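Report on the following structure.
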Amino acid sequence: MTRNIPEKPSLEGLESKWGAVWEEDGTFRFDRTKTRDEIFSIDTPPPTVSGSLHMGSVFGYVQTDAHARYRRMSGKEVFYPMGWDDNGLPTERRVQNYYGVKCDPSLPYDPDWTPPAEPSDPPVAISRRNFVDLCHGLTQEDEKVFEDLWRTMGLSVDWTQTYATIDHVSQRTSQKAFLENLARGEAYSQDAPVLWDIDFQTAVAQAELEERDRGGAYHRVAFHRPDGTPLYIETTRPELVCSCVALVAHPEDDRYQPLIGSTVTSPLFGVEVPIVAHELADPEKGTGIAMICTFGDTNDVTWWRELDLPTRAVIQADGRLQETVPDWLSGHAADVYSEIAGLFANQARRRMAELLTEAGDLDGEPREIMHPVKFYEKGDRPLEIVTSRQWYIRNGGREDELRKELLARGEELHWVPDFMGVRYRHWVEGLNGDWLISRQRYFGVAIPLWYPVSDAGQVDYESPITPDFDSLPIDPTSHVPPGFDESQRGQPGGFVGDPDIMDTWATSSLTPQIAGHWVDDIDLFQRVFPMDIRPQGPEIIRTWLFSTTVRSHFEHGELPWHTATINGWILDPDRKKMSKSKGNVITPMPLIEEYGAEAVRYWACNGRPGVDTALDMGVMKIGRRLAIKVLNASRFALGFSDVDVDESAINMPLDRSMLAVLAQAVSTATSAFEAFDYARALETAERSFWEWTDDYVELVKTRAYEGGPDAESAHAALQVALSVYLRLFAPFLPFVTEEVWSWWREASVHKASWPRVDEFAGLTDDAAVLEIASRVVGEVRRAKSDAKTSMATEVTRVTLIGSAEEVENAKRAEDDILGAARAKSIQYVEGEFAVEVVLVEQ
RNA sequence: GGGCGUUUAGCUCAGUUGGCUAGAGCACUGCCCUUACAAGGCAGGGGUCGGCGGUUCGAGUCCGUCAACGCCCACCA
């Protein structure tokens with residue numbers, strides 16, 4: 001092929017130019033005829049499309065892309081799909097805000113309804129189906145934005161292999177896997193207290209909790225013993241005195257031991273409650289004796305369950321205390337309760353403090369404290385505990401045997417970096433319950449079950465009716481179970497559909513099965529599963545990584561992937577974690593426009609695996625400079641000939657020495673990539689390339705311009721080296737390397753083979769030749785710099801003082817040294833290394 | 001309260017199994033339009049490798065301990 005080298009190569013426009021070519025040519029299209037051992041499969045994280053774009057999104061994906069490109073060049077067929085996580089609460093919340101709507105499942109579907117032009121305030125109530133339609137529509141727009149970003153960044157995903165966690169295949173996969181879990185007894189439902197978000201009005205799982213420090217106050221409240229003496233407890237939740245079912249102290253606490261088994265009455269309400277003993281009661285906290293309410297915190301749930309206490313719940317799903325007076329209160333107690341009925345917990349708390357004070361049962365002023373309070377990670381108000389029927393998948397939180405098996409999976413998984421495995425272990429060891437997967441929300445995969453209704457009108461939750469696999473996905477609120485018809489919905493002798501959806505993790509825990517088409521293309525699935533790598537962020541080890549492991553363990557009896565590569569956090573330039581709440585999120589597009597996609601990629605690939613990395617425009621500038629350098633150096637290296645020069649021309653010691661040095665770099669970069677250390681591979685290539693341009697290129701210049709066979713050797717060596725450097729950089733700088741490749745090669749550099757050391761067989765000489773030549777020229781440059789003169793200045797005489805070996809090696813590159821030094825002659829003296837330079841005749 | 005990670009030049013970071021005067025880029029200083037590159041090149045100044053204590057012929061690297069920062073987990077009395 002004839003070389004076609006532009007006069008003034010530039011980075012401008014390369015992203016769109018090559019993005020279009022790759023799409024057109026199907027460069028990254030997956031070839032499914034390959035077998036499992038020939039394939040490298042990636043369980044790409046589906047980004048939450050309703051979330052904000054920020055540099056954190058770019059960071060990990062680019063690192064993975066670099067690795068994918070390495071594997072592709074190494075001869076693997078890379079299965080690199082892209083998913084969109086559009087399922088679930090984040091999308092619902094975005095739709096609510098974007099259009100000013102809220103979902104009211106009691107409303108009928110209105111096929112003609114269109115969203116208001118401006119977000120409506122207050123929100124318009126719409127039917128569940130209208131609401132879900134809006135979610136679908138908006139997520140498609142959001143997905144487009146992400147796809148554009150990924151394409152601009154040059155991710156080498158196969159864009160024909162995309163999925164969305166709410167699409168047909170995902171729903172089918174999710175429902176089928178759930179039904180399999182149910183059939184094997186791995187999924188079950190239970191009516192029990194759960195952590196509950198009062199704003200979203202849904203149950204939440206342990207994995208979605210976070211604790212936030214909130215102000216509270218210890219209220220020292222008097223209960224009364226039969227003889228009237230007060231017994232003080234301390235509580236931050238005096239509004240729950242009406243829900244108190246017992247007081248609890250540690251069994252070995254001498255202060256309270258004599259009271260165990262006796263009763264006290266609650267203040268204001270006069271309810272008689274027992275004093276019980278349990279190890280969980282901490283003698284150090286408060287007065288050492290605590291009030292057990294149903295339910296103020298997860299401790300209460302434990303005590304209630306283990307001590308078999310009655311239930312006296314007043315907090316409703318909306319977070320308010322119920323309006324009607326509870327049946328365990330009457331007379332004066334009922335009057336007191338009416339003071340707090342219908343209030344939110346925090347309002348009731350203040351009122352109760354006043355009432356307790358009036359009654360003389362509050363000792364002193366409430367004592368302000370800061371304490372950790374459980375929140376739903378996406379929520380704004382503290383979680384309450386509400387009893388409700390929910391679906392669970394076993395995860396070892398309640399069974400030692402399963403927990404051990406899942407811990408063993410964590411050991412079996414190859415973690416990069418390895419210390420990330422500890423986070424998995426700690427999470428599994430710390431689980432305190434099974435995985436709650438049902439959510440009382442709308443936009444998600446339905447729990448594919450109906451329940452029979454008895455002739456007496458009772459719903460039988462213990463005998464769910466399941467759909468046929470072929471009918472999946474189904475929506476039990478609109479589809480009818482086999483053997484029934486719609487008129488029997490909700491009727492005695494009929495059925496009801498489960499109104500709940502599954503949590504988003506219940507579906508995204510199946511991404512290998514979804515991307516690999518487990519439900520509808522088992523041939524493809526077997527070619528890609530178990531996947532090679534799962535790249536992801538550290539914060540979702542407890543959710544995504546763990547839940548995917550659980551599902552695969554149950555469904556396939558093996559790990560879903562061989563290796564998990566965990567990326568670090570992105571910190572803002574002040575080294576603070578970027579988060580929306582801090583308002584320091586930096587979006588990628590402006591940076592890409594300013595520095596170019598390759599500069600941003602360079603920055604991302606400079607972050608070490610798993611290491612938190614600060615956003616640094618300085619690093620991006622270096623990346624941009626490197627890309628420009630690649631263009632210019634390539635122009636030089638290819639500019640001596642119109643066609644390829646035969647490698648057999650490479651016979652000059654300096655050229656062969658350079659190739660020996662280059663072979664070293666190839667070896668190092670390759671082993672770095674094999675260890676998933678893209679950053680070291682980049683650093684190796686970059687350092688080597690920079691030395692190549694600074695030293696070798698300067699040394700060879702004079703000879704390269706002279707013509708003749710010695711020049712041919714240089715031309716061929718430059719060409720071989722450039723071919724290697726372009727391929728070493730291709731995973732990191734896909735656009736500029738492709739551009740240069742196209743000047744003199746037919747196919748894509750991304751389909752070229754990763755450089756191998758055996759390419760240099762027969763082309764190398766002692767690396768020491770280039771090394772000594774570079775040192776001598778370096779000393780000459782220093783002399784010129786010290787003399788404050790141009791590097792073009794002629795040198796009268798150079799004297800190299802060195803060992804016999806150094807002298808010998810220098811002699812083998814003497815003409816090149818003289819040319820680069822602009823020297824007329826060089827003399828050699830044996831001794832300790834030094835270079836004497838005489839600039840002008842003395 | 002526990003766990004993990006980080007701490008190396010003013011800034012952002014390398015430093016693979018312990019081994020010669022600790023590296024890079026940015027920033028700073030000086031010089032240079034040298035036929036790939038002046039939105040560049042060349043050269044240079046700058047570091048008690050967080051503190052303390054060990055192991056060793058030798059420690060940025062291994063061990064102990066303390067501190068700061070970050071993240072994760074932990075029963076809200």
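Please read all numbers here as calculations on a predicted model, not as lab measurements. Throughout, a chain's letter reflects where its sequence line sits, starting with A, and its residues are numbered from 1.
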Should the side chain of A:S785 and the base of B:G30 be counted as holding a donor-acceptor pair, with the cut-off at 3.5 Å? yes

Ignoring hydrogens and angles, answer whether the base of B:U34 and the side-chain atoms of A:R822 contain a donor-acceptor pair closer than 3.5 Å. no

Which part of the nucleic acid, if any, lies within contact of A:L209, taking any heavy atom under 4.0 Å across all strands shown: a base, the sugar-phosphate backbone alone, or nothing? nothing

Can a side-chain donor-acceptor contact be found between A:Y602 and A:E686 if the only test is distance below 3.5 angstrom? yes

May I ask you to say what A:T793 touches in the nucleic acid, namely base, sugar-phosphate or nothing, with a heavy-atom cut-off under 4.0 Å? nothing

May I ask you to say what A:K621 touches in the nucleic acid, namely base, sugar-phosphate or nothing, with a heavy-atom cut-off under 4.0 Å? nothing

Regarding A:D695 and A:R781, does a basic nitrogen lie under 4.0 Å from an acidic carboxylate oxygen? yes

Taking B:G15 as the reference, what is the distance to B:G5 when you measure between their P atoms (whole Å, please)? 15 Å

When you compare B:U17 with B:C69, how far apart are their P atoms, in angstrom units rounded to a whole number? 30 Å

Using a heavy-atom cut-off of 4.0 Å across all strands, would you classify A:R608 as base, sugar-phosphate, or nothing? sugar-phosphate

Please classify the nucleic acid contact of A:G288 as base, sugar-phosphate, or nothing, using heavy-atom distances under 4.0 Å. nothing

Salt-bridge criterion met for A:E365 and A:R367 (N-O under 4.0 Å): no

Taking atom types as they are modelled, is there a donor-acceptor pair under 3.5 Å from the base of B:C37 to the side chain of A:K629? yes

NA contact type, A:E698, heavy-atom cut-off 4.0 Å: base, sugar-phosphate, or nothing? base

Within the distance-only criterion (no hydrogens, no angle test), does the side chain of A:R212 pair as donor or acceptor with the backbone N or O of A:P382 below 3.5 angstrom? no

Checking all strands, does A:A281 fall into the base, sugar-phosphate, or nothing category for heavy-atom contacts under 4.0 angstrom? base

Any base atoms under 4.0 Å from A:V248, or only sugar-phosphate, or nothing? Heavy atoms, all strands. nothing

What nucleic acid atoms does A:E691 come within less than 4.0 Å of, heavy atoms only: base, sugar-phosphate, or nothing? nothing

Charged N to carboxylate O below 4.0 Å: is that the case for A:R680 and A:E683? no

Could you check whether A:M791 gets within reach of a base, just the sugar-phosphate, or nothing at all, counting any heavy atom under 4.0 Å? base

Under 4.0 angstrom, heavy atoms only, what part of the nucleic acid is A:L280 near: base, sugar-phosphate, or nothing? base

Which is true for A:K788 with a 4.0 Å heavy-atom rule: it touches a base, it touches only sugar-phosphate, or it touches nothing? sugar-phosphate

